[in-house]
Amino acid sequence: MTGATEPRLAGKIAVVAGAGASAAGWSIGKASCVTLARHGAAVVALDADLAAAEDAAHEVEAAGGRALPVRADVADPDAMQAAVQAALAHYGRIDIWQANAGIGKVGGPEDISLDDWERIQRVNVSSLLIATRLIAPPMRAQGGGAIVTVSSIAGIRYTGYPHLAYSVSKAAVIHFARMAAQQYAADGIRVNTVIPGLIDTPRVAANVARMFDPDDLAAAKAARDRQVPMGRMGTPWEVANAVAFLASDDASYITGTELVVDGGLTGKYA
């Protein structure tokens, strides 16, 4: 993990919540773990599925980095308290928190159940409150840190099919980050959001692609590619690169804003 110049995240400790992948392949969380490590950070790979956390940690170590896998449901305050304590006990500090965990279910107002709605809000939004309460105090005590939330273009645009609970939750992610950024700016804690567009991940292949062609994955992916002005879906690595930038001192004067990574898609509907 060395080079001609010091890596931009050298000496930093990064916690990636939602570090695993739902199936074989690269998710935004797993790619972020490896990308942050390649930039010099030691990583805590946190996921509700321990096997997924261990897989992400293994990939970090395979890339030459250091990683600690931790199991925790981001919507469970007790589990998250234990996870933060484990990270602090192992590394002594937390410099970067990436709030990447998220779930969704297709459906409009008359389709989504109240139970599903509430679970999606807990995982996607309440988890931010739970994590921030836990990590802001140690970040403040050490002189600062960086929080990067991961939203979606579904939080700012209609994406062509009913995804109400997810879309509303991702809009809330953006505004939560804006509000937290104002509160913690004087403490040296920056809070920003990455807004991915159509990204080719295992979850997309398993779920969202069914909206296009449930019997032909290649055709479904091609249909999603055609939606994007650049002619292709993004990769998890392209989102991870944005996360690494916002987490680094290269973004030292950036807080309370959003970085859209969508190949120009939202510009079509601006």
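Residues S27 and A19 come closest through the heavy atom pair OG-O, 4.1 Å. For the pair V34 and E59, the tightest heavy-atom approach, listed with the atom from each and the gap, is CG2-CB, 3.8 Å. Here the shortest heavy-atom pairing between A87 and V15 reads CB-CG2, 4.3 Å. Taking both residues in full, the closest heavy atoms of G197 and D262 are given as CA-CB, 3.7 Å, listed atom of the first, atom of the second, then distance. Between A57 and A45 the shortest heavy-atom distance is N-CB, 4.2 Å. Between A181 and T255, the closest heavy-atom pair is CB-OG1, 3.5 Å.
In the hydrophobic clustering, Y253 connects to no other residue, as no ILVMFWY side-chain heavy atoms lie under 4.5 Å from its own. By the 4.5 Å side-chain criterion applied to Ile, Leu, Val, Met, Phe, Trp and Tyr, L129 is assigned to a cluster that also includes L128, V173, F176. Applying the under-4.5 Å side-chain rule to Ile, Leu, Val, Met, Phe, Trp and Tyr, the cluster around Y158 consists of that residue alone.
Shown here is H175, whose NE2 atom has no more than 12 heavy atoms of other residues, nucleotides or ligands within 6.0 Å. Within a 6.0 Å radius of CD in E118, more than 12 heavy atoms belonging to other residues, nucleotides or ligands are found.
The structure places CG of L198 at 12.5 Å from CE of M230, a figure rounded to the nearest 0.5 Å. In this structure, I13 CD1 and I94 CD1 are separated by 9.0 Å, a value rounded to the nearest 0.5 Å. With rounding to the nearest 0.5 Å, the separation of CE in M233 from OG1 in T201 is 8.5 Å. Rounded to the nearest 0.5 Å, atoms CG (L259) and CD1 (I254) are 8.0 Å apart.
Judged as a side chain to side chain donor-acceptor pair (under 3.5 Å), and not counting sequence neighbours, the contacts of N124 are S169. With sequence neighbours excluded, the residues satisfying salt bridge (charged side-chain N to carboxylate O under 4.0 Å, His left out) with R178 are E258. Checked against salt bridge (charged side-chain N to carboxylate O under 4.0 Å, His left out), R8 has the following partners two or more places apart in sequence or in another chain: D250. Residues passing the side chain to side chain donor-acceptor pair (under 3.5 Å) test with R66, sequence neighbours excluded: none. Not counting sequence neighbours, the partners of R232 by the side chain to side chain donor-acceptor pair (under 3.5 Å) test are E238. A search for side-chain contact (heavy atoms from CB on, under 4.5 Å) contacts involving A10 returns E6, P7, not counting sequence neighbours. Residues that satisfy the ring pair (Phe, Tyr, Trp, His ring centres under 6.0 Å) test with W117, not counting sequence neighbours, are absent from this structure. Take Q121 and apply the side chain to side chain donor-acceptor pair (under 3.5 Å) test, not counting sequence neighbours, and it matches no residue.
Side-chain contact between W97 and V84 is present, with at least one heavy-atom pair separated by less than 4.5 Å. Considering only heavy atoms from C-beta on, T35 stays 4.5 Å or farther from V243 through its side chain. Contact annotation: the side chain of T235 never approaches that of D200 to less than 4.5 Å [non-hydrogen atoms, C-beta and beyond]. With contacts defined as side-chain heavy-atom distances shorter than 4.5 Å, the pair P196/V150 qualifies. By the 4.5 Å heavy-atom criterion applied to side chains, M80 and L46 are counted as neighbours.
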Worked verdict on D76 versus R71 for salt bridge (charged side-chain N to carboxylate O under 4.0 Å, His left out): CA-CA 11 Å; D76 182 336; R71 181 195 176 280; over 6 Å; no
Check against side chain to side chain contact (heavy atoms under 4.5 Å, CB included), M139 and D187: CA-CA 8 Å; M139 280 188 173; D187 298 314; over 6 Å; no
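Residues I199 and V148 fall within the same hydrophobic cluster, defined by Ile, Leu, Val, Met, Phe, Trp and Tyr side chains chained together at heavy-atom separations under 4.5 Å. In the hydrophobic clustering of ILVMFWY residues, with side-chain heavy atoms under 4.5 Å counting as a link, V125 and Y166 come out apart.
Distance alone, capped at 3.5 Å, is enough to place a donor-acceptor pair between the R190 side chain and the S248 backbone.
The ring pair (Phe, Tyr, Trp, His ring centres under 6.0 Å) pairs that include a residue from residues 6-38 are W26-W237, where partners are two or more places apart or lie in different chains.
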